[in-house]
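One structure is given here, and the rest of the page talks about it.
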2 protein chains.
Amino acid sequence: MTQKNNDKKDEFDLRNFLPFLLNQAAEESSLEFQRVYKDRYGMLRTEWRVLFHLGNHGEMTARDIVVRAKIHKTKVSRAVRRLQQRRYLQRLRDENDRRVERLSLTTAGQKVYRELSGIAREYDGKLAARFTTGEAALLRMMLRRLAGMD
Amino acid sequence: MTQKNNDKKDEFDLRNFLPFLLNQAAEESSLEFQRVYKDRYGMLRTEWRVLFHLGNHGEMTARDIVVRAKIHKTKVSRAVRRLQQRRYLQRLRDENDRRVERLSLTTAGQKVYRELSGIAREYDGKLAARFTTGEAALLRMMLRRLAGMD
DNA sequence: TCTTGTTAGTTACAAAATCAACTATTATTC
DNA sequence: GAATAATAGTTGATTTTGTAACTAACAAGA
């Protein structure tokens, strides 16, 4: 009773460990898309994330992005600066609370956002096509729950 | 027909983009475990990964780890050195091919591996408990497929 | 109103990751 | 068997990230 005849059951299986699997899947599945924003647009991961959030949600403050995307504020700060240098976004000091900057995409930024989000959607479709519609929906739901996004 | 009355359907939804979801889930779900190996054992992420691979699979070369874990060889090289400095692993020059080093855990390394893998398994159980058994199994299957591990 | 606390965002310094070039050894090909 | 290519692994320079400390603006209580 105490010692099972098949010890294998007690062994830890790294290749089934959820954090490991999630990491591998995340890395593998972003490789191809990464090449697009990196090689074709010279953007870093945090930069396209910020760009996407702004394009997706509209005007936001840096803090909004920190909270919604769970990106550290120093990373956001630096990404915003680089995006601004490339004229993809503009900052607007909020006159009611002068600590706050309201961030929004420029026309150029919106253009890049449209291009990249088109590619992203297509890419997402390709990934999801490996599963049935129901499976894919379930996957997204489970990932949202694991990410604490519900 | 060309222009739908509800434009929302055409909009890109970042929060459903699989690479984004995978990333958020991966980050969130490794946070708690990270605190264990980082704060309690002073290990970096690459280090516990290498340790886990060796503990899980037994003797391997650095290259084996690079291939299986998809970690860059410079990261593996540096992680191996640090693990060796902490006397968690030993290197053995392969006499048949003197370029190769056969890596294995020391007794101390095995002890740490057992402790950490116990915690990991428990933690994995907690994560999986958010779903039904069938859902969790399906999730792992889907992640393996996305990670290119089948 | 002043002083104490909080929040938005930036900056400086240390740690880590990435990329390219390197050494040493083995495999291949002429 | 000498020349060339390929592989295992390391090292160094550059970039990027993470941690802490910082400035500036606002809030709240005495």
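Owing to the predicted nature of the structure, the values given are computational and were not obtained by experimental measurement. Chain naming here is simple, since letters A, B, ... match the order of the sequence lines and numbering starts at 1 in each.
- A close approach under 4.0 Å does not occur between any side-chain nitrogen or oxygen of A:R93 and OP1 or OP2 of D:dA24.
- Salt-bridge formation is detected for the pair B:R140/B:D124: a Lys NZ or Arg NE/NH1/NH2 atom is positioned less than 4.0 Å from an Asp or Glu carboxylate oxygen.
- Between A:R45 and D:dT17, a side-chain N or O to OP1/OP2 separation shorter than 4.0 Å is absent.
- Between A:K126 and A:E122, none of the side-chain N atoms (NZ, or NE/NH1/NH2) sits under 4.0 Å from a carboxylate O, so this pair counts as no salt bridge.
- Between B:Q34 atom CD and D:dT17 atom C1' there is a gap of 13 Å when expressed in whole angstrom units.
- Two residues, A:D94 and B:D97, neighbour DNA chain D, and the one matched to the more 5' nucleotide by heavy-atom proximity is B:D97.
- Atom-to-atom, CZ of B:R102 to C1' of D:dA8 comes out at 15 Å; the value is rounded to the nearest Å.
- Atom CG of A:L139 is separated from atom CZ of A:F131 by 6.0 Å, given to the nearest 0.5 angstrom.
- Salt-bridge formation is detected for the pair A:D97/A:R99: a Lys NZ or Arg NE/NH1/NH2 atom is positioned less than 4.0 Å from an Asp or Glu carboxylate oxygen.
- Donor-acceptor pairing under 3.5 Å is lacking for the side chains of B:N56 and A:R15.
- Contact check of residues 53-64 of chain B against DNA chain D (heavy atom, cut-off under 4.0 Å) returns B:T61, B:A62, B:R63.
- Atom CD of A:Q85 and atom P of C:dT10 are 12 Å apart (whole Å).
- Counting to the nearest Å, the P atom of D:dT16 and the CZ atom of A:R49 are 17 Å from each other.
- With 3.5 Å as the limit, one finds a donor-acceptor pair spanning the side chains of A:R91 and A:Q84.
- Whole-Å rounding puts the B:D39 CG to D:dG18 P distance at 15 Å.
- B:K70 and A:E28 are joined by a salt bridge, as a carboxylate oxygen and a charged side-chain nitrogen come within less than 4.0 angstrom of each other.
- Aromatic rings from B:Y113 and B:H53 are positioned such that their centres are separated by 6.0 Å or more.
- Rounded to whole Å, the distance from CG on B:N96 to P on D:dT7 is 19 Å.
- Rounded to a whole Å, the CD atom of A:E47 is 14 Å from the P atom of D:dT15.
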Problem - Where protein sits on nucleotides 18-24 of chain C, one letter per nucleotide: B base, S sugar-phosphate only, - none, heavy atoms under 4.0 Å - result: BBB----
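- Distance B:L44 CG to D:dT17 P: 16 Å, rounded to the nearest Å.
- Counted by atom type alone, A:E47 and A:Y37 present zero donor-acceptor pairs between their side chains at under 3.5 Å.
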